[in-house]
2 protein chains.
Amino acid sequence: MLKRSFEPAPGCWMILPVNSSVSTKDRILGAAELLFAQRGFEGASLRQLTTNAGVNLAAVNYHFGSKEKLVEEVFRRRLDALNESRLAALAQVAGAPETTLEDVLEAFIRPALDLSHDDSGALFMRVLARAFAEHDDTLRQFLSANYGHVMRQFTAEFARLLPQLSKQELYWRIDLVTGALTHAMSGFGMIQRKSDVSENAHREQTALHLIRFAVAGLSHP
Amino acid sequence: MLKRSFEPAPGCWMILPVNSSVSTKDRILGAAELLFAQRGFEGASLRQLTTNAGVNLAAVNYHFGSKEKLVEEVFRRRLDALNESRLAALAQVAGAPETTLEDVLEAFIRPALDLSHDDSGALFMRVLARAFAEHDDTLRQFLSANYGHVMRQFTAEFARLLPQLSKQELYWRIDLVTGALTHAMSGFGMIQRKSDVSENAHREQTALHLIRFAVAGLSHP
DNA sequence: GCGGCCGTCAAACGATCGTTTGTTGCAAAC
DNA sequence: GTTTGCAACAAACGATCGTTTGACGGCCGC
């Protein structure tokens with residue numbers, strides 16, 4: 001919207017408004033991520049949200065149209081990048097004869113783990129887990145419509161690597177693995193890393209745990 | 001409270017007030033379970049809830065004190081019975097030399113699966129999954145204080161059967177299994193049973209899937 | 001310098017929230 | 001017959017919700 005108004009003069013000096021060290025829109029999105037994670041979509045009020053963001057109450061409806069649209073935008077901002085990374089990682093291994101289950105799972109888990117690196121990314125994982133548990137039809141349709149193809153591509157690759165499983169059996173196992181991963185990523189930090197372990201080493205260990213667990217759950221006889 | 005007023009004349013004709021085929025309290029609890037599953041704790045209003053239950057708006061605060069206490073009572077009613085069943089089933093196998101991982105997991109999963117048999121029980125599992133995702137401190141403390149000992153007993157038995165795992169490793173795996181099971185039970189019915197399979201057979205199959213998956217996740221090398 | 005647009009703001013809108021109040025009907029206790 | 005206590009009810013409480021409005025100021029193209 002903001003960018004649209006600059007459209008008549010395309011390219012070049014599109015420095016974006018200089019005063020926006022962090023733009024109002026982004027401040028709202030950041031505050032929304034935090035408050036949605038803490039209080040849920042219904043529990044987070046726009047007044048609390050805009051106060052935390054340091055912007056006017058009306059700014060949400062001005063920039064996003066409604067609270068519901070804001071929720072969608074919070075998801076879109078993160079999931080666009082996340083799923084792009086996942087698909088890129090998957091593309092590097094999909095179809096290759098030497099590809100293992102670990103490789104595919106790594107392509108799925110690693111981008112999410114990287115996202116969880118900074119605090120706000122970890123918060124988003126909580127938001128995502130809440131959304132899963134909500135069983136809200138509007139949100140599920142939005143997620144399915146915009147990102148269903150990612151899940152479908154991964155499923156296809158799993159099916160290739162696990163030809164002995166029936167479709168029914170494969171769906172069951174993927175569903176269970178998804179549950180475990182969502183749960184683990186949203187509770188990230190519950191199993192505290194020891195102070196003598198570096199952040200990087202901790203993430204590496206986490207990825208190992210998740211992948212080994214998922215491999216075992218997917219491929220058991 | 002209602003029963004207290006009948007206390008002076010104990011026994012015999014305590015038919016309970018005849019008009020209460022279903023008491024007001026239970027009607028509220030039932031409607032709450034449904035509405036909490038559909039709209040969450042914040043999203044469910046007492047007006048909608050009491051309307052669905054066919055009781056007066058003030059009845060909730062009269063019988064339960066507040067909305068928050070009602071939430072706790074919804075959990076207590078189901079979890080008391082559920083965990084009693086789990087502990088009873090665990091007691092039958094815990095410590096025995098011939099006990100397998102499957103036995104312990106069966107003791108944990110079967111009561112929840114039986115609860116999900118009727119619709120309202122399945123709804124409760126959704127409520128439980130939402131509560132997990134909410135990360136609400138009040139609720140978590142309540143759950144931990146009242147039912148933490150169940151998890152602890154099961155963990156101890158898992159530790160006995162998986163002596164090769166470090167404590168850290170065991171916690172990781174139990175956490176992941178918990179996530180998978182919660183996810184699966186809350187989404188119960190997403191993988192539809194075929195019409196030519198009986199309800200009982202479907203439940204049996206579900207239990208098998210869950211247990212095999214959990215065994216693989218817990219005991220992989 | 002002027003007009004038009006955009007982002008921000010305080011203020012208010014009607015709706016709905018959880019909770020409280022005061023009354024009524026009714027059955028048990030005395 | 002009177003008193004007491006419980007349960008249900010309509011009505012209202014103040015607070016807070018998402019959203020809308022209209023005014024104000026700064027920046028652009030002209």
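Per chain, numbering begins at 1; letters A, B, ... match sequence-line order.
If you measure from atom CG of L46(A) to atom C1' of dG18(D), you get 6 Å, rounded to the nearest angstrom. Rounded to a whole Å, the CG atom of L49(A) is 15 Å from the C1' atom of dT16(D). Distance R27(B) CZ to dA8(D) C1': 11 Å, rounded to the nearest Å. What separates CZ of R39(A) from P of dC17(D) is a distance of 10 Å, to the nearest Å. Note: CZ (F64(B)) to P (dC6(D)) measures 17 Å, nearest angstrom. One interatomic measurement links the two molecules: CG of L57(B) to P of dA8(D), which rounds to 14 Å at whole-angstrom precision. Atom C1' of nucleotide dT8(C) and atom CD1 of I28(A) are separated by 11 Å, given to the nearest angstrom. The nearest whole Å value for the distance from the NZ atom in K25(B) to the C1' atom in dA8(D) is 15 Å.
With respect to the salt-bridge test (charged N to carboxylate O, under 4.0 angstrom), the residues K25(B) and E73(B) do not qualify. Contact check on E169(A) versus R212(B) returns no salt bridge, with no Lys/Arg side-chain nitrogen under 4.0 Å from an Asp/Glu carboxylate oxygen. Ion pairing between E33(B) and R77(B) holds under the 4.0 Å rule for side-chain N and carboxylate O.
Closest contact between the side chain of R47(A) and the listed nucleotides dA10(C), dG18(C), dC17(D) involves dC17(D). In the set dA8(D), dA12(C), dC6(D), dC6(D) carries the atom at the smallest distance from any side-chain atom of Y62(B). Distances were taken from every side-chain heavy atom of A58(B) (C-beta onward) to each of dT20(C), dA8(D), dT8(C); the shortest belongs to dT20(C).
Between N61(B) and dG18(C) there is no side-chain polar atom (N or O) within less than 4.0 angstrom of OP1 or OP2. Under 4.0 angstrom from either OP1 or OP2 of dT8(C) there lies at least one side-chain N or O belonging to T24(A). An OP1 or OP2 oxygen of dT16(D) is reached within less than 4.0 angstrom by no side-chain nitrogen or oxygen of S45(A). Between H63(B) and dC6(D) there is no side-chain N or O to OP1 or OP2 distance below 4.0 Å.
Taking the six-membered ring where the residue is Trp, F41(B) and F75(B) present tilted rings, their angle falling between 30° and 60°.
When atom types are taken as modelled, the side chain of K167(A) and the backbone of A159(A) share no donor-acceptor pair closer than 3.5 angstrom.
Of the residues near DNA chain D, N56(B) and Q48(A), the one whose nearest nucleotide (by heavy atom distance) lies more toward the 5' end is N56(B).
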